[in-house]
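The chains referred to below are lettered A, B, ... by the order of the sequence lines, with proteins before strands, and numbering in each begins at 1.
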Protein chains: 2
Amino acid sequence: MHSFTEENYLKTIYHLSQLNDSPVQTNAIAEGMKTRAASVTDMLKKLSDKQLIDYIKYQGVTLTDKGKTTAVSVIRKHRLWEVFLVEKLKFKWDEVHEIAEELEHINSGLLVERLDEFLGFPKRDPHGDPIPDHNGIFEPDQNIHLHEMSRGDKGVIIGVNEYTSAFLKHLERLGLTIGILIEIEEIADYDGSVELLVDGKKINVSKEVTQRILVNYK
Amino acid sequence: MHSFTEENYLKTIYHLSQLNDSPVQTNAIAEGMKTRAASVTDMLKKLSDKQLIDYIKYQGVTLTDKGKTTAVSVIRKHRLWEVFLVEKLKFKWDEVHEIAEELEHINSGLLVERLDEFLGFPKRDPHGDPIPDHNGIFEPDQNIHLHEMSRGDKGVIIGVNEYTSAFLKHLERLGLTIGILIEIEEIADYDGSVELLVDGKKINVSKEVTQRILVNYK
DNA sequence: TTGAATATTTAGATAAATCTAAAAATTTTC
DNA sequence: GAAAATTTTTAGATTTATCTAAATATTCAA
């Protein structure tokens, strides 16, 4: 078995390698794990010895198949527990991330499968992130960041990529939650802020916010 | 916050001090924690520094109020999660102990209270053990071990005090599960084995088994 | 293409939880 | 009540994950 720390490293490396395909750098991992580069180097050696990553000194790391499987399994558990907390225990979507960070390390294959079944095999977590299935397969999706859309485009908010309570509460105040239909009214050249049409009302959101919202606009 | 290990020590000390009121001995803790006496001594110093136990060298330990509160909180979580696993995720009563050993350390007060509510504020776990309430209060009970009963006594099986899969499966084969009404037909002087009347049928159980079954016989 | 800036690794420490072996305290037995 | 047996503690190592400071490698920019 892998320690909590090892699992968290794998998860972080997985997420970082999704952003840009190139090998993940030590400093990026250090930032993601909120630790120092020297600590990352130590752990990379360990993960490499366990054949969970391919690691070349000074060149960064990529996950091996074994490492990827482990990372996806942790992500699956994280997202299923989030669904449980929101759907069954009435938590708000901005309250579940921290608890799921703990629950994701509970170690029982049977538990995960029973939980999945109990929840009705959900496809997405409360933040709109896809939940990989039993075999680690993600449903293919054609999402786009809000800031990549053009004037007149329409779509449904399908997810976010920041999970702080501050950010999620901000979205809620604006009425920007999962499943909401939006339309791009205007994009300001000046600062990249965007005017949206939501439920008949006009809303202005900053560029920072548009970069953190995923939209499904098939 | 306390580490998983610290919480497990407190839980073990709590259970041992329930058996006989006297201070709990180092060796007993070592056995309960499946570790060495030397390791126990180290941890006792630590727990003592944190004022979770009263510890006198060579004399054994008792929990302080603070230590007791922590132990009971962990036990509450353990038992609530067991109810969840059996009632909601269709686990068998002999499959839940190990998983609950992990879940009991998840650290969120709100989670425990929401879980309790979701489960309908259960009073007992699947093994018949009482679940302390929000304030750490156990429902008073007048249970007795099966081996303390006399010929002719009747009662309802309310719990067990061993949780190995082997033992629980054995009980199931005998039809001795929580809620079953039993009557003592005969107690053998020879080996202390007991003949029970269960559901109209006669069943023989060894002394070892009778020592591990709790009966409510009001 | 070389010097400066940046990124990464190494070296050496620290803290938590554990271990074995040996010493010390307590209890039991005669 | 002293010797033997048992229990507990101490001393010193080990493992995991972390840290700071210094050294080294890589990249960038003039």
Side-chain angles (χ1 to χ4, degrees), chain A residues 1-14 16-17 19-63 67 70-71 74 101-102 104-105 107, chain B residues 1-14 16-17 19-63 67 70-71 74 101-102 104-105 107:
Chain A
M1 266 312 99
H2 316 296
S3 71
F4 284 23
T5 310
E6 287 166 3
E7 289 190 350
N8 284 333
Y9 268 93
L10 292 173
K11 200 175 46 145
T12 298
I13 295 166
Y14 180 88
L16 290 169
S17 64
L19 296 179
N20 40 13
D21 302 325
S22 57
V24 178
Q25 293 184 302
T26 302
N27 260 359
I29 298 170
E31 196 187 342
M33 291 292 298
K34 294 201 168 84
T35 185
R36 299 314 180 98
S39 308
V40 174
T41 301
D42 289 343
M43 181 56 85
L44 294 184
K45 282 177 195 154
K46 190 177 169 190
L47 294 175
S48 183
D49 287 348
K50 291 190 170 190
Q51 308 195 34
L52 293 161
I53 59 173
D54 290 319
Y55 171 47
I56 305 170
K57 268 192 199 176
Y58 293 101
Q59 305 295 297
V61 295
T62 52
L63 292 173
T70 306
V74 175
E101 286 286 304
E102 297 190 39
E104 73 188 8
H105 302 294
N107 198 353
Chain B
M1 264 315 93
H2 316 295
S3 72
F4 283 23
T5 310
E6 287 166 3
E7 290 190 349
N8 285 334
Y9 268 92
L10 292 174
K11 201 175 45 144
T12 297
I13 294 167
Y14 180 88
L16 290 170
S17 64
L19 295 179
N20 39 14
D21 302 322
S22 56
V24 178
Q25 293 185 301
T26 303
N27 260 1
I29 298 170
E31 197 186 344
M33 290 292 298
K34 294 201 168 84
T35 185
R36 300 313 180 96
S39 308
V40 173
T41 301
D42 290 343
M43 182 56 84
L44 294 185
K45 282 177 195 154
K46 190 177 169 189
L47 294 174
S48 184
D49 287 346
K50 291 191 171 192
Q51 309 194 32
L52 293 161
I53 59 172
D54 290 319
Y55 171 47
I56 305 171
K57 270 192 198 177
Y58 293 102
Q59 304 296 297
V61 294
T62 52
L63 291 174
T70 306
V74 174
E101 286 286 304
E102 298 190 38
E104 73 189 6
H105 302 294
N107 199 350

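- Among the protein residues, A:Tyr9 comes within range of the sugar-phosphate backbone only, with heavy atoms under 4.0 Å from sugar or phosphate atoms but none that close to a base.
- If you check every strand for non-hydrogen atoms under 4.0 Å, B:Thr5 touches sugar and phosphate atoms only.
- Nucleic acid contact class of B:Ser39 (heavy atoms, under 4.0 Å, all strands): base.
- Relative ring orientation between A:Phe4 and A:His105 is described as parallel, the plane-to-plane angle staying below 30° on a 0-90° scale split at 30° and 60°.
- With rounding to the nearest 0.5 angstrom, the CG atom of A:Leu10 is 6.0 Å from the CG atom of A:Leu63.
- Residue B:Leu47 holds its CG atom at 7.5 Å from NZ of B:Lys50, rounded to the nearest 0.5 Å.
- In terms of phosphate contacts, B:Asn27 brings no side-chain nitrogen or oxygen within less than 4.0 Å of OP1 or OP2 of D:dT6.
- Nearest to the side-chain atoms of A:Ala38 among the listed nucleotides C:dA21, C:dT26, C:dA11 stands C:dA11.
- Picking from C:dT26, C:dT9, D:dC19 the nucleotide with the shortest atom distance to the side chain of B:Tyr58 gives C:dT26.
- Phosphate contact (OP1/OP2 of D:dT16, side-chain N/O of A:Ser3, threshold under 4.0 Å): absent.
- Neither OP1 nor OP2 of D:dT18 sits under 4.0 Å from any side-chain N or O of A:Arg36.
- Residue order along DNA chain D, read from the 5' end via each residue's closest nucleotide, puts A:Asp42 first among A:Asp42 and A:Gln59.
- Here the CD1 atom belonging to A:Ile53 is positioned 10.5 Å from the OH atom belonging to A:Tyr9, to the nearest 0.5 angstrom.
- Residue A:Lys57 places at least one side-chain N or O under 4.0 Å from the OP1 or OP2 atom of C:dT10.
- Nucleotide C:dT9 holds its C1' atom 15 Å from the CD1 atom of A:Ile56, rounded to whole Å.
- Nearest nucleotide to the B:Thr41 side chain, out of C:dT9, C:dT18, D:dT9: D:dT9.
- Closest contact between the side chain of A:Gln25 and the listed nucleotides C:dT18, D:dT26, C:dT8 involves C:dT8.
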